[in-house]
Amino acid sequence: MTTNAATGAVKRTEKSSSPWAIARRKFLRNKLAMASTVFLILVIILTLLAPFLAPHLSPIPDITKVNISKMSIPPNGDHLLGTDKSGRDVMTRLLYGGRISLLVGASATLIVVVLGTIVGSVAGFFGGAVDSLLMRFTDFVLNFPFLVFVIVLNTILFGIVDGLWVLILVIGLLSWGGVARIVRSKVLAEKENEYVLAAISIGTPPAKVIIKHLLPNVLSTIIVQATLLFASLIVAETGLSYLGFGVPQETPSWGNMLAFANEPDVLQGKPWIWMPPALIITATILSINFIGEGLKDALNPKSQR
Amino acid sequence: MTSKSATSLQTPLLEVRNLQTGFKIDKQYYNAVEGVSFTVDRKQIVGIVGESGCGKSVMSLSIMHLLPKGIGKVRGGEILFEGTDIVGYNEKKMNNIRGKDISMIFQEPMTSLNPVFTIGYQISEVLLNHQDITKNEARAKAVTLLKNVGIPRADQIVDEYPHQLSGGMRQRVMIAMAIACQPKLLIADEPTTALDVTVQAQILDLLKNIQEVNDMSIMLITHDLGVVAEICDVVLVMYAGKIVERATVEDLFENPQHPYTQLLMQAIPKMEEEKERLATIEGLVPSVKDMPEVGCRFANRCPKAMPECMQITPRLEDTKGGHEVACLLYEESWPREERVGAR
Amino acid sequence: MLKYTLRRVLGMIPMLFLVSVVVFFLAKAMPGDSLSGEIDPTNTNPEYIAEMREKLGYNDPVYVQYYRWVTDFMSGDFGKSTRYKMPVADLIGEKLPNTIFLALTSLLITYVLAFAMGMYSGRKPYTLGDNLIAGFNYAGIAIPSFVAGVFAVYFFAFKLNWFPFAGSVDIEIDKGTIEYWMSRIHHVMLPAFVLGMFSTASYTQFLRNDLIENSRKDFVRTALAKGTPMGKIYNVHILRNSIIPLVTFLGFDIAALVGGAIITEKIFTYPGIGLLFLDSVNNRDYPTVMAITMMLSAMVLIGNLIADILYGIVDPRIRLG
Amino acid sequence: MKRKSMLWLFAMILVLSAFLAACGGGGSDDASESDSGESKDGEKATEEQSGEPQQGGTLTYGLDATPEGLYNWAFYGIATDAEIIEFFDEGLIEYDENLQPIPNLAEWETEDNQHFTFKFKEGVKWHNGEELTVNDWVFALETIAHPDYDGPRYANVETIEGAPAFRAGEADSISGLKVVDDYTIEVTFDEPRLNNLTNIWSYPMSQKEFEGIEVADMSGSEQVRTKPVGLGPFKVENIVPGESIELVKNEDYWNGEVNLDKIIIRVIDNTATVGALQNGDIDMISLQPVSAPDVEKLDNVEVVTAPGLSYYYVGFKLGKFDNASKTITEELPKYQDVNLRKAMAHAINREEWIDAFFFGYGKPVNKPVPTAHWIAADDSEVNVYEYDPEKAKQLLDEAGFVDTNDDGFREDPNGEEFVVKFSHYATGNPTFESRSQAIAQYWEEVGLKSEVEMVEVNLYYDMVEKDDPSIETFFGGWGTGTDPDPSALWKADQLWNYPRYDNPEADALLEQALSVEEVGDDQEKRAQVYAEWQKKVTEDVPMIFIAELDEIMGVGEKVGGFSMDVSGYNNPAEWYLKQ
């Protein structure tokens with residue numbers, strides 16, 4: 001604490017602001033995180049605008065139609081990123097593909113966060129038998145080798161449910177363990193605070209205590225986790241699609257586009273087909289990670305930067 | 001060696017001259033300790049009192065070269081240990097002094113011990129650092145040390161881990177570690193603050209006892225005048241990086257002169273005044289960043305402040321028989337030294 | 001410690017049971033005969049199928065079937081591969097050493113690199129070296145392993161010719177000689193590095209941050225006050241504390257290696273369990289798929305157990321508390 | 001003399017991508033998704049620039065699919081395994097470049113196409129040192145006919161007299177096999193057939209080697225999996241399962257000197273093919289068309305092609321088949337109109353499609369037999385459906401498929417919405433989706449609304465085989481064998497007649513072509529009957545014939561003595577490395 005004598009002074013001036021305001025200020029000051037946020041928002045907007053943008057960017061804005069006369073054209077004026085082996089404009093598919101990849105990532109993250117938060121907060125709040133039961137279950141889910149189970153489940157469910165949602169569900173249902181653990185530990189710590197004890201002692205129903213008192217306090221942790229999860233679930237989608245167990249092939253997604261790298265002629269000879277998705281995936285993951293780091297920093301009252 | 005020790009007998013054990021320690025904030029240094037001078041004599045217990053943030057810990061860390069790297073730095077003055085200035089010492093030289101000639105104990109016994117090593121290992125380490133002995137010998141010595149600081153079942157505890165001990169026990173372990181090499185000076189930075197009142201007394205007794213047995217000096221840093229009264233010989237009162245009063249314990253308690261000291265005195269809870277509300281000092285210590293360049297640093301909180309206090313920087317002056325105070329109320333002639341702080 | 005270990009081992013048993021139940025029902029949900037592989041999938045004669053089902057006891061109550069399957073599994077009978085027409089156990093036994101070798105090498109590389117880089121970064125934060133390492137880390141975390149793998153093959157195997165691009169060993173070398181092992185190591189390095197890249201990056205970053213945080217701890221000051229040199233403080237006092245959380249990662253690591261091996265082994269045509277799994281899924285060799293699934297799940301459990309026990313060993317607060 | 005490749009020995013080979021494997025009873029042909037539009041000469045040899053074969057050296061041969069590890073002719077299931085067995089084992093009969101059988105380890109005589117006498121070469125040694133005798137062949141035939149035999153080759157033994165009885169356990173031996181002496185055997189078939197010789201199982205198995213192993217355990221035995229022996233120019237020295245095989249020269253090879261010391265077979269990922277060839281990590285590999293253009297660009301590798309025996313088609317499901325009664329039980333109405341089928345055939349621009357998806361390594365095929373086969377009819381003798389969208393539109397108009405609701409697509413003659421549903425297998429290979437999409441688009445261009453459905457490949461052939469209602473028009477590929485008889489793919493009583501093509505006249509022609517009385521030994525007459533059959537099929541259009549493919553090999557410049565033709569490549573004993 002003595003070592004903080006100097007910085008204590010800095011903190012004091014900010015004492016009046018709410019933690020969220022401080023976090024926001026810290027985040028806004030983090031250049032890397034801000035640049036990443038701008039980038040990510042840009043990517044999201046561009047993919048959302050795909051149907052409007054595509055016709056302006058390419059003479060063949062179709063994502064499914066095969067153009068035999070235009071196959072594997074390197075980048076040029078008409079096709080800024082060239083065309084793929086089906087003669088489809090890479091740029092157009094990149095925009096549409098982003099929708100799917102981000103959708104899979106976001107939906108799966110949502111499932112994960114909701115499930116993880118519910119399980120974690122219930123376990124943490126009630127403790128005792130409920131806790132150990134739920135945590136055993138969480139351990140159990142965490143113990144599945146993820147990729148193996150996704151592939152197996154995908155094989156079983158293939159053709160029964162629409163492929164995209166199978167993927168989202170399977171990824172979501174297998175990934176919530178980590179969040180549950182973290183939320184639980186945070187809730188456990190938070191629960192000991194007097195205001196929570198007070199709320200419980202006056203007979204506030206558990207659900208209300210959890211939602212009103214506990215969750216807002218673990219929210220920062222959840223947000224950070226969700227961000228990092230979002231990144232890793234996008235990776236999961238692309239990886240599975242690359243292996244051929246992901247999004248159905250007729251739907252463009254970044255992973256599916258990247259699967260072209262499996263083609264012997266593409267990898268070395270036609271880099272414009274797989275480089276753009278590879279780069280955009282990497283850049284997106286990178287920016288999400290930076291945002292996550294930034295959030296972690298901003299929401300951590302102890303951090304100094 | 002012999003000649004040096006001969007001279008060192010006349011010189012005080014530790015003499016700090018005009019010490020200035022700065023902290024870097026936004027690429028600029030601000031002094032947390034501003035021109036402090038004092039001496040610690042052999043076998044003397046010097047107390048340093050002041051509110052938190054007044055620079056007393058920074059000063060002790062400056063002596064030990066333990067300021068956080070890249071942030072804190074001694075920017076001026078001298079620290080003479082046995083007559084040698086150690087300010088410019090490199091890490092290697094300091095490592096020969098730390099733990100051997102000067103050791104230090106800290107406020108937080110809970111966190112000051114490494115959780116993953118046994119008590120025995122941690123005590124042995126200091127011995128192995130400075131003495132040419134085997135691990136087994138060091139361990140045996142650790143057991144003895146633990147016994148000396150009043151730890152029961154020392155031969156078991158030596159193999160236990162910090163988390164298995166209570167706070168008071170851990171502080172005893174810290175003390176055992178600190179005295180392992182029979183240092184000449186022990187810097188105790190708020191050694192009892194984190195402890196229960198009953199344990200506090202025991203630790204103070206232990207310190208006093210050890211000081212007598214080992215013939216060492218102690219520099220005791222505390223915000224608690226009660227602690228000072230109990231064991232110190234001489235007291236320095238610090239405020240905002242400066243020493244504002246220096247006196248023997250008796251003098252100080254009999255006749256506190258600086259208004260700050262007087263207020264501190266009133267803040268000590270006393271048995272007979274239980275029902276009365278404790279006096280508090282209004283306001284806060286100014287941060288190093290907004291330290292006034294001239295004038296008395298206590299002026300804005302001082303009940304006896306005069307308009308001149310804002311313009312003239314008071315100097316530590318002897319009022320009578322070694323009782324020194326830095327306050328315009330006691331200065332015989334002012335103005336002088338208008339711009340001490342602007343260095 | 002013994003009690004702690006025992007408790008962990010006992011805690012694993014219900015988990016193993018649950019996992020096996022799930023795998024069993026997944027296998028039942030799979031088309032065809034995924035449990036034993038005895039029913040020839042190319043024979044569509046209903047009489048034959050009915051007869052085989054009766055013979056294999058698929059008309060028994062589910063729990064009887066489960067019991068039979070689980071006891072068979074525990075005694076090493078994993079059923080028969082429909083593709084390779086041989087016991088799955090033999091098939092796995094053939095590939096498992098390769099995957100274990102890959103995983104261990106990967107772990108070794110991961111931890112050595114993570115320690116080297118993490119220690120450096122942690123001791124010298126915000127320097128050029130630290131920033132370079134951070135750059136590597138961000139790349140390692142963000143570049144999907146299949147992209148990295150494909151790059152690695154082309155760059156290190158074809159362009160630079162430093163490593164072989166496929167396989168696990170040079171077949172011309174006699175088994176058991178030093179050259180044989182050197183060849184195996186040579187073959188495994190590149191896939192192992194790609195497999196461990198993500199973990200290496202995250203551990204480096206973790207170790208760095210943990211070192212920085214731990215270096216601000218009070219016990220560091222204590223050690224300094226004792227006259228312990230800074231180098232020793234980092235290597236002994238701080239490191240020992242930072243290792244503890246890293247050890248818990250080991251459990252997750254094993255799960256990650258298992259999944260990651262599927263992609264890596266495919267890219268490097270490294271004949272291990274992952275490649276076998278992928279091939280088996282693609283060829284609908286379901287008995288093999290299910291046996292591997294069960295085995296990998298068990299491996300993850302055991303990995304976690306090992307991590308737990310190691311955790312106990314390195315952290316006295318857990319061991320004794 | 002050309003060495004026959006096992007790739008096309010068996011009549012039924014489904015062509016799938018390199019990604020997958022066996023389906024049904026035959027082996028899938030992993031490597032043959034290939035052909036050349038450049039239509040190079042049937043034979044191309046690398047020895048032309050070089051002089052004398054040199055001795056010694058190690059050749060590395062690449063495989064871009066993983067072998068299953070069943071290294072025995074009687075037990076293997078997939079083409080990749082066969083590619084390996086080729087190097088170390090051979091059969092009694094070979095085929096020349098016209099796909100006519102020629103003697104190899106044995107000569108034969110027959111008067112009536114029912115009774116055959118085989119005379120084995122003397123002094124031929126197995127790799128284990130035992131001498132080859134007719135008993136080894138009898139052993140092989142009895143193994144395959146054994147009730148416990150779990151391989152797919154029984155059809156090649158079934159026609160021997162007494163084989164069914166042996167299989168049923170009613171006899172201790174196959175009565176049609178008469179051992180005269182160690183080198184002479186008389187074989188009697190159940191009836192005279194023109195293809196008895198080409199159909200019979202012609203690979204001996206070393207009786208000594210399999211001594212004491214039950215038939216049921218053979219496929220899992222080390223004699224099959226890890227320590228196989230054969231009669232071929234190379235011996236198996238070492239096998240690292242799933243990744244590589246080391247073969248060494250057979251010093252005692254019966255058929256001349258073996259040039260190479262060693263052949264290393266390495267399994268690689270197909271994305272590594274070009275790089276591995278370029279770096280000389282592998283000397284030879286069978287190429288997929290997609291890699292071939294990149295390999296062509298390499299200075300150190302030559303691309304050698306030979307006409308293949310496989311082709312792609314788009315089939316129409318015309319009926320339903322009952323496998324128990326072996327009859328087509330139901331007629332499906334949707335594509336019954338032959339003009340609709342003809343129009344759909346005319347709509348497809350096959351040249352463009354092949355160039356786009358096979359990079360010039362294939363060419364349009366107009367009949368149900370690959371052009372390189374000797375029974376193939378000339379294009380002038382069959383109905384050819386050239387790309388002619390106008391003709392297609394006209395045919396559709398005539399057939400009553402017109403756009404009645406102005407949505408841009410034609411309705412069926414009843415005015416109902418008409419949607420062509422086109423199924424293709426999916427493997428994770430993204431080009432499959434685009435090439436099927438491209439075909440659907442050709443149909444859309446003539447006004448037929450079309451939908452593509454990608455079905456997971458293993459499921460796909462199940463669904464096609466079981467006449468799943470969701471399969472209407474479907475993409476497929478065949479590899480036909482050296483045996484010219486196409487009955488198994490085309491007769492109305494065959495499970496593998498996927499379109500459920502049912503034309504008694506066509507079936508009668510197929511029977512006639514095999515009849516000893518009507519055709520006898522007259523190959524020309526036989527070819528003529530097959531040509532008539534081909535005309536019949538092309539008139540009925542049960543499937544649209546799309547493309548036939550060449551075999552492509554990437555051969556490093558160091559390799560000499562290699563040649564290949566429609567029957568496969570030459571004996572690896574003749575290969576050598578230039579020093």
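Just so we're on the same page: letters track the sequence lines, and every chain starts at 1.
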Check your understanding: Can you tell which of C:Leu18, C:Leu257, C:Leu296, C:Val289 has the highest number of heavy-atom pairs within less than 4.5 Å of chain A?
Key ->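 Option with the top pair count is C:Leu18.
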Exercise for review: Against chain A, work out which of C:Val23, C:Ile292, C:Ile263 has the most heavy-atom pairs shorter than 4.5 Å and name it.
Suggested key: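 Of the candidates given, the most pairs with chain A belong to C:Ile263.
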Practice item. Please look at C:Val281 and chain A and tell me whether the side chain, the backbone, both or neither of the residue comes under 4.5 angstrom of a heavy atom of that chain. Key: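 When you check distances to chain A, only side chain atoms of C:Val281 fall under 4.5 Å.
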Exercise for review: Measure C:Ile267 against the heavy atoms of chain A and call it side chain, backbone, both or neither at under 4.5 Å.
Suggested key: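 It is the side chain, since no backbone atom gets that close.
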Review point. Taking side chain as C-beta onward, heavy atoms only, is C:Phe277 less than 4.5 Å from A:Val152?
Key: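 They are in side-chain contact.
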Check your understanding: Is there side-chain contact between A:Phe149 and C:Val22, with heavy atoms separated by less than 4.5 Å?
Key ->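 When only atoms from C-beta onward are counted, C:Val22 and A:Phe149 do touch, with a gap below 4.5 Å.
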Hey, could you give me the [atom1]/[atom2] distance between [X] and [Y], rounded to the nearest 0.5 Å?
X	Y	atom1	atom2	result
C:Met15	A:Phe137	CE	CZ	10.5 Å
A:Phe290	C:Ile141	CZ	CD1	9.0 Å
A:Ile285	C:Tyr138	CD1	OH	14.5 Å
C:Phe146	A:Leu243	CZ	CG	8.0 Å
C:Ile262	A:Leu240	CD1	CG	9.0 Å
C:Ser202	A:Leu228	OG	CG	11.0 Å

Exercise for review: Could you give me the CA-CA distance, side-chain angles and deciding distance for C:Leu301 and A:Phe140, then say whether side chain to side chain contact (heavy atoms under 4.5 Å, CB included) is met?
Suggested key: CA-CA 9 Å; C:Leu301 274 174; A:Phe140 166 65; over 6 Å; no
Point to revise | side-chain hydrogen bond (donor to acceptor under 3.5 Å, both in side chains) involving C:Thr99 - partner list, sequence neighbours excluded | key: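 Residues passing side-chain hydrogen bond (donor to acceptor under 3.5 Å, both in side chains) with C:Thr99: C:Glu265.
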Exercise for review: For A:Lys85, look at atom NZ and say whether over 12 heavy atoms of other residues, nucleotides or ligands are found less than 6.0 Å away.
Suggested key: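 Yes, NZ of A:Lys85 has more than 12 neighbouring heavy atoms, counting only those of other groups under 6.0 Å.
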Check your understanding: Can you say whether A:Leu258 sits under 4.5 Å from chain C via the side chain, the backbone, both, or neither, judging by heavy atoms?
Key ->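 It is the side chain, since no backbone atom gets that close.
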Review point. Is it the side chain or the backbone of A:Leu286 that comes within 4.5 Å of chain C heavy atoms, both, or neither?
Key: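 For A:Leu286, the contact with chain C is made by backbone and side chain together.
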Point to revise | Pairs meeting criterion salt bridge (Lys or Arg N to Asp or Glu O under 4.0 Å) with involvement of residues 128-137 of chain A, two or more places apart | key: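 Salt bridge (Lys or Arg N to Asp or Glu O under 4.0 Å) check on residues 128-137 of chain A returns A:Asp131-A:Arg184, A:Arg136-A:Asp139.
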